[in-house]
There are 2 protein chains.
Amino acid sequence: MPPATTRSETRLSRPTRVAEAIKQWVMDEGWAPGQRLPSEAELMARFGMAKGTIREAIRLLEAQGLVKSRTGPGGGVFVHQVSEERAAALLGNYFFFAHPTIDDIYRLRAALEPELAASLAGRLSAAQLARLDAVIAESAPPAPGAEDEATRHAASLRFHAELAAMSENPLLRFVIRFLAELLSEITVARGLHSPTDPELWATGLAYQTRLVEALRTGDAEAARAVMAAHMATAQRLMRSREAAVTRRFLSDRARG
Amino acid sequence: MPPATTRSETRLSRPTRVAEAIKQWVMDEGWAPGQRLPSEAELMARFGMAKGTIREAIRLLEAQGLVKSRTGPGGGVFVHQVSEERAAALLGNYFFFAHPTIDDIYRLRAALEPELAASLAGRLSAAQLARLDAVIAESAPPAPGAEDEATRHAASLRFHAELAAMSENPLLRFVIRFLAELLSEITVARGLHSPTDPELWATGLAYQTRLVEALRTGDAEAARAVMAAHMATAQRLMRSREAAVTRRFLSDRARG
DNA sequence: CCCAATTTGTTCGTATGTATC
DNA sequence: AGATACATACGAACAAATTGG
């Protein structure tokens, strides 16, 4: 006969249970980032477990970006605000397996970036507008045709990242920046870059310039329209590139 | 003069370095989910470190959802595909600190859900359409006014989650489901539910019914329009609710 | 500059739990 | 049921980092 005593879900490992208990504890008490958790010794006593077990629990929280440890006097384990970089990296692990296509990414960009542009129109400070101008200027090549498309693409993504950072909406900010990073990784990984087409470069810069102008004058609908057009052309371009790469792969396989 | 010997970034803890090394190793070798990593003993030998250190490294990977451990013969540490639930939970940690508003969430929903609806038009199987009908039927109350708005809202979110699950686009799928969960958590946490308004319930069901009809006939633009209208009304509703709650908070503070 | 105190970081040996054969 | 192979957990000791005297 099975014991009537408390079983209490012993299927989860002790470090996992301790980590969840600590997380719940921190949330219940409403501890802010920077607050110190009890020392390892105190946690050992509190949970009645060995040092190794407690340390594994802390690693589980550390990997999530929720705590950070420091050695020495005044050291310890501290509540930590999850950074955007950490969150993006963790989410990237998921899409490493889900492999979205370039087109998948552009579906979301095409829907979100115009919304972002519209929401920023007339709301940016002079300093922020100047910053955008500076990013555009950076991406303009000193000598025509001197840089390759990888650089151009990276510069474009930097512009979009800067723009997203100016949004008050943390969700919009995160998703747009994440999509840009993902796009960058995938294009690099698949070698989707080709030698610079100066004409293309010029039109890209023209889009950005017109966008900043609309943002400056506060014309939300113009900003939305410019960004939507920009996304449409970029999407078309990348679609044809992806098709070309697929064809190349196929012919390689046919040969090999 | 600084030593010319290898420093090799000893600022990161050993478990962290081991975890990154293993991650890189797995990616380089292209190991698929289900593949077994070397045993703890082998990893100890390979990295020249003690058991505790190796175990902490494995916990770091486990928290990211990248590996799972099993005891016993044939057991060990296995590469694991990060689940959508795990990814959503990890990302949720980030927004626990970034606190987006309800309106922030709806900005993204309003941009993405119509896109999702349009992309699914004419592409769903009879079984999938039947499933959507079933979810709608579930949310229809046996007796009018018998259930509260929390239930109604949850049912609506379930409908949207089912819809998102039918997309081929993993990004769209993930973001929409994540937004729905986030919205659910926030409304529950802030007590933004009010007694059921039967009229509202009816209009919500009408939207869903019209949407499924457009999906069945394959009218992408109709599907997009229905969803856009639905989002607009829902957004308006939640905005007024949030304003009401804010007023209540303010007057409470004014009194206290 | 060194020394002492504090706290996390790491090692080793041993024992226990769990699943497979 | 027993042997085997693996992760899981414990406890004691020592190492390294940081702060303050």
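No hydrogens, no waters, no symmetry mates; every other heavy atom, side chains included, goes into these values. Note that the coordinates shown come from a computational prediction; the quantities given were computed from them, not determined experimentally.
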For B:Ser39, all residues meeting side chain to side chain donor-acceptor pair (under 3.5 Å), sequence neighbours excluded = B:Glu42
ask   = Which residues pass the ring-ring contact (aromatic ring centres under 6.0 Å, His included) test with A:His160, sequence neighbours left out?
value = A:His230
inquiry  = Distance check needed: C:dT7 P versus A:Met44 CE, whole Å only.
reply    = 14 Å
request  = Calculate the interatomic distance between A:Phe47 atom CZ and D:dC10 atom P; express it in whole Å.
outcome  = 13 Å
ask   = For B:Tyr94, what residues pass the ring-ring contact (aromatic ring centres under 6.0 Å, His included) criterion, not counting sequence neighbours?
value = A:Phe174
Contact list for residues 161-174 of chain B, test salt bridge (charged side-chain N to carboxylate O under 4.0 Å, His left out), sequence neighbours left out = B:Arg131-B:Glu162
Most 5' of A:Gly74 and A:Thr53 on DNA chain D, judged by nearest nucleotide = A:Thr53
request  = Would you kindly give the CZ-to-P distance between B:Arg55 and C:dG9, to the nearest whole Å?
outcome  = 17 Å
query = If you check the A:Met49 side chain, which of D:dC10, C:dT8, C:dT11 turns out closest?
reply = D:dC10
inquiry  = Taking 4.0 Å as the cut-off, does a side-chain nitrogen or oxygen of B:Ser13 come that near to OP1 or OP2 on C:dT8?
reply    = no
inquiry  = My understanding is that only residues two or more places apart in sequence, or in another chain, count here; which of them pass side chain to side chain donor-acceptor pair (under 3.5 Å) with B:Ser83?
reply    = none
query = Roughly, in whole Å, what's the span from CD in B:Glu40 to C1' in D:dA7?
reply = 6 Å
remark   = Checking D:dC6, C:dT8, D:dA9 against the side chain of A:Pro15 (C-beta onward), the nearest is D:dA9
message = I need the residues from residues 56-72 of chain A with at least one non-hydrogen atom less than 4.0 Å from DNA chain C; give them sorted by number, or say none.
response = A:Arg59, A:Ser69, A:Arg70, A:Thr71, A:Gly72
inquiry  = Given A:Pro100, which partner from the list A:Leu182, A:Leu183, A:Leu179 fulfils the side chain to side chain contact (heavy atoms under 4.5 Å, CB included) test?
reply    = A:Leu182
query = With A:Gln81, which residues qualify under side chain to side chain donor-acceptor pair (under 3.5 Å), at least two apart?
reply = none
request  = Please collect all salt bridge (charged side-chain N to carboxylate O under 4.0 Å, His left out) contacts where either partner lies in residues 24-33 of chain B, sequence neighbours excluded, each pair once.
outcome  = none
Residues forming a side chain to side chain donor-acceptor pair (under 3.5 Å) with B:Glu85, sequence neighbours excluded = none
inquiry  = Regarding A:Gly76, tell me which of base, sugar-phosphate or nothing describes its non-hydrogen contacts under 4.0 Å with the strands shown.
reply    = sugar-phosphate
task = Tell me, please, whether A:Trp25 has A:Arg46 positioned over its six-membered ring: NZ or CZ under 6.0 Å from the ring centre and within 45 degrees of its axis?
result = yes
task = Five pairs at each end of the helix from C:dC2-D:dG21 to C:dC21-D:dG2: take the axis at both ends and give me the angle between them to 10°.
result = 10°
query = Under the salt bridge (charged side-chain N to carboxylate O under 4.0 Å, His left out) rule, what pairs show up with a residue in residues 60-79 of chain B, not counting sequence neighbours?
reply = B:Arg59-B:Glu62
Check: protein-nucleotides 12-14 of chain D nitrogen or oxygen pairs below 3.5 Å:
none

query = Rounded to whole angstroms, how far apart are CG on A:Leu12 and C1' on C:dT18?
reply = 16 Å
